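Notes follow once the structure below has been shown.
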Amino acid sequence: MNGFGAVPQYYLNAGLDHFSASQDNKPIDNWWWLYVLNDQEYRRKKKPNPNMIGGNAVQGDRERSFVNQDDQTITIEPFGLGAYIFHGYTEKKAIDSALQYLDDRQHLYDGAELDHFFIVKERTPLCIQHLIQALKQVKLPDVNKITTETYCEYQHPGIEITTIGRTDLIFTEWKRVLEIKTKWFKPDEKGEKDKKGKLKVTNKYVPGKPEFSHVLQTAFYWKATGFEPYIIYASGKPIAKKGEVGFKIFTSQNCEELKPENLNRVLAYQRRLQLQRQNILKLQSDLGLTLEECTKYVPSDFSHYFWRDYSSEELREIEKLWE
C-alpha cells in the first residue's frame with residue numbers, strides 16, 4: 001500500500017501498512033484496540049451503528065462488480081444518491097433503493113437498536129431529498145466528469161507509511177473534491193419512549209461550521225488531490241423552526257475552516273498525531289514487547305463516545321488489557 005517505500009517491520013508487526021483519516025479521527029486507545037490488537041476481519045464483523053447504516057443508505061453507490069472467494073462475480077445494484085448521480089435514477093427511485101438497502105439490514109437489530117433503526121429509516125427519504133437539493137445548488141457536471149471512491153494518498157514528513165483515503169465525489173473538470181456527511185440523532189441511553197411510543201432522541205442538526213474530524217478528513221483529500229474542498233451536510237429531520245436548514249454547503253469561500261492556512265494547520269496536527277502512534281509502535285519493537293504488553297503505554301479513556309457502541313461486557317474485557 002505504501003507507494004513511497006517499504007513498510008517498516010515495526011508497522012508490519014502491528015498489521016499496519018497505512019494510516020487513514022478514519023484511523024486518525026479515533027482516540028488512540030480505540031485505534032489501538034481496533035487497528036493494532038484486532039484485524040480487518042474483526043472490524044468488518046462489528047455491527048454498525050444504525051446512524052452509520054443510514055449514512056451508507058443515503059450516500060449509496062454506483063453499480064459495482066467484484067469476484068468473491070469462490071471466483072463468482074457479484075454485482076451490487078446501484079442505490080441511494082449514487083444511483084441518482086451515476087445511473088439517472090429519479091429522486092423517488094433513489095429513495096426506494098436506499099430503503100431497500102435498509103430493509104436488507106434490519107435483521108441486524110433488535111430492542112432499542114431496532115427502534116433507533118426505524119427512526120433512521122423514517123428520516124432517510126428527506127435526507128436524500130436534502131442532498132439532491134444541495135447537489136443541484138453545487139450544479140452537478142456531466143456524469144462522465146464525476147468520479148467516486150477514488151483512492152488518493154499522501155505521506156507526511158517523518159511518517160514512515162502513507163495515509164490513504166477514498167473520496168466521496170470528485171468533479172474532475174472543475175477540480176473539486178466533495179465530502180458528504182449525514183446528520184442523524186442520539187437515541188435515549190435508557191431507551192425511553194415518548195407518549196406516542198417512539199424512542200426519545202437528541203437531534204443532531206446541520207452544523208454552523210464543519211466538525212473538526214470532517215475538516216481533518218477533507219484537509220487530507222485537499223492535500224492529496226490538489227482540488228478545491230467542499231463539505232456538504234444533510235439531515236433527514238423535518239424542518240420544525242425558523243432558521244433551521246436541511247443541508248449546508250461549506251467551501252473556502254464561506255468557511256474559515258476550509259481556507260488553505262487552516263487546512264495546513266490541521267494537516268500539521270494529523271502529522272503530530274501519527275508521529276505519536278508511530279513512536280508507540282517503535283517502542284513496542286525496541287523493547288521487545290508483545291502488542292498486548294505495550295497496551296499499558298497507550299493512554300485510555302473509556303468514557304469517550306467512540307466506545308459507546310460496545311456492550312458493558314465487551315468493555316470490561318477490553319479494559320482488562322489496560323490493567
Side-chain angles (χ1 to χ4, degrees), residues 1-53 55 108 113 153-166 186-187 189 211-217 219-220 266-323:
M1 190 66 68
N2 185 352
F4 295 83
V7 176
Q9 188 60 46
Y10 67 89
Y11 271 110
L12 296 177
N13 292 343
L16 293 170
D17 61 7
H18 70 279
F19 281 122
S20 65
S22 58
Q23 290 185 50
D24 295 341
N25 276 321
K26 289 175 170 54
I28 192 168
D29 54 348
N30 188 258
W31 167 79
W32 185 265
W33 166 251
L34 284 174
Y35 289 88
V36 177
L37 298 182
N38 284 287
D39 58 16
Q40 189 177 55
E41 186 64 21
Y42 170 85
R43 296 191 294 274
R44 283 177 175 170
K45 288 181 177 179
K46 184 167 174 54
K47 181 170 62 175
N49 181 285
N51 287 354
M52 183 183 297
I53 285 285
L108 296 172
E113 279 191 327
E153 65 179 31
Y154 173 73
Q155 187 164 348
H156 287 286
I159 304 301
E160 298 192 281
I161 57 175
T162 58
T163 304
I164 69 167
R166 290 186 297 177
K186 179 183 177 183
E189 292 182 359
E211 297 174 15
F212 179 80
S213 61
H214 301 155
V215 175
L216 185 148
Q217 186 177 8
F220 162 73
V266 171
L267 287 167
Y269 163 84
Q270 185 181 48
R271 179 191 172 277
R272 293 194 301 271
L273 181 148
Q274 291 183 0
L275 185 61
Q276 292 167 2
R277 299 180 183 194
Q278 179 171 281
N279 287 340
I280 289 177
L281 292 173
K282 278 185 177 179
L283 178 70
Q284 177 266 330
S285 179
D286 292 345
L287 296 181
L289 301 173
T290 66
L291 296 171
E292 288 76 13
E293 289 170 339
C294 193
T295 300
K296 65 182 179 181
Y297 294 100
V298 178
S300 63
D301 176 12
F302 292 101
S303 66
H304 195 283
Y305 71 88
F306 264 92
W307 292 106
R308 67 187 173 192
D309 293 329
Y310 294 78
S311 69
S312 55
E313 292 77 14
E314 286 179 299
L315 275 179
R316 277 196 291 270
E317 289 302 311
I318 294 170
E319 286 173 358
K320 289 178 182 178
L321 295 167
W322 270 265
E323 291 178 353

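What you see is a predicted model, and the numbers here were worked out from it, not measured in a lab.
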State, with a plain yes or no, whether a side-chain heavy atom of W31 is found less than 4.5 Å away from one of V298.
no
Heavy-atom check, side chain of V266 versus side chain of F220, under 4.5 Å
no
Roughly how far, to the nearest 0.5 Å, is the OG1 atom of T295 from the CD1 atom of I280?
10.0 Å
Output yes when E317 and K320 qualify as a salt bridge under the 4.0 Å nitrogen-oxygen rule, no when they do not.
yes
Rounding to 0.5 Å, atoms OG1 (T162) and CD1 (I164) come to a distance of 6.5 Å
R277 and F19, any side-chain heavy atoms less than 4.5 Å apart:
yes
Side chain to side chain contact (heavy atoms under 4.5 Å, CB included) between W322 and E319, worked out:
CA-CA 5 Å; W322 270 265; E319 286 173 358; 5.9 Å; no
Shortest non-hydrogen contact between G158 and L275, atoms and distance:
O-CD1, 4.3 Å
Closest contact, heavy atoms only, N13 versus L291:
O-CD1, 3.7 Å
How about Q284 and V36: do any of their side-chain heavy atoms sit closer than 4.5 Å?
no
Taking all atoms of both residues into account, what is the closest heavy-atom pair of H156 and Q274, and its distance?
CD2-OE1, 3.5 Å
Check this for me: E313, atom CD, are more than 12 non-hydrogen atoms of other residues, nucleotides or ligands nearer than 6.0 Å?
yes
Rounded to the nearest 0.5 angstrom, the CG-CG distance for L281 and L16 is 6.5 Å
From the list Y35, F302, Y310, side chain to side chain contact (heavy atoms under 4.5 Å, CB included) partner of N30 resolves to Y310
Sequence-distant partners of E323, side-chain hydrogen bond (donor to acceptor under 3.5 Å, both in side chains), two or more places apart
none
Please report the closest heavy-atom contact between K46 and D309, naming both atoms and the distance.
NZ-O, 3.8 Å
Any side-chain to backbone donor/acceptor pair from Q23 onto T163? Under 3.5 Å, distance only.
no
Does the side chain to side chain contact (heavy atoms under 4.5 Å, CB included) test come out yes or no for W307 and D29, once each step is laid out?
CA-CA 10 Å; W307 292 106; D29 54 348; 3.2 Å; yes
Just by modelled atom types, is the E160 backbone N or O under 3.5 Å from a matching donor or acceptor in the Q278 side chain?
yes
Listed by chain and number, what are the side-chain hydrogen bond (donor to acceptor under 3.5 Å, both in side chains) partners of Y42, not counting sequence neighbours?
W33
Y297 side chain reached by L287 side chain, heavy atoms, under 4.5 Å:
yes
Between CD of E113 and CD1 of I53, what distance do you get to the nearest 0.5 Å?
11.0 Å
Keeping the roles fixed (side chain from E41, backbone from K45), state whether a donor-acceptor pair exists under 3.5 Å.
no
Could you pull out the closest heavy-atom pair between L216 and D24, with the gap in Å?
CD2-CB, 4.2 Å
Test item: R316 and S312 side chains (from C-beta on) under 4.5 Å apart, heavy atoms:
yes
So how far is it from E211 CD to N25 CG, rounded to the nearest 0.5 Å?
10.0 Å
Take a 6.0 Å sphere around NZ of K47 and say whether it holds more than 12 heavy atoms from other residues, nucleotides or ligands.
yes
Taking the side chain as C-beta and beyond, is there a heavy-atom pair between S300 and W32 under 4.5 Å?
no
If you define the side chain from C-beta out and look only at heavy atoms, does anything of H18 sit under 4.5 Å from E153?
no
Main-chain N/O of K282 paired with S285 side-chain donor or acceptor, under 3.5 Å
no
K26 versus L34, closest heavy-atom pair with distance:
CE-CD1, 3.5 Å
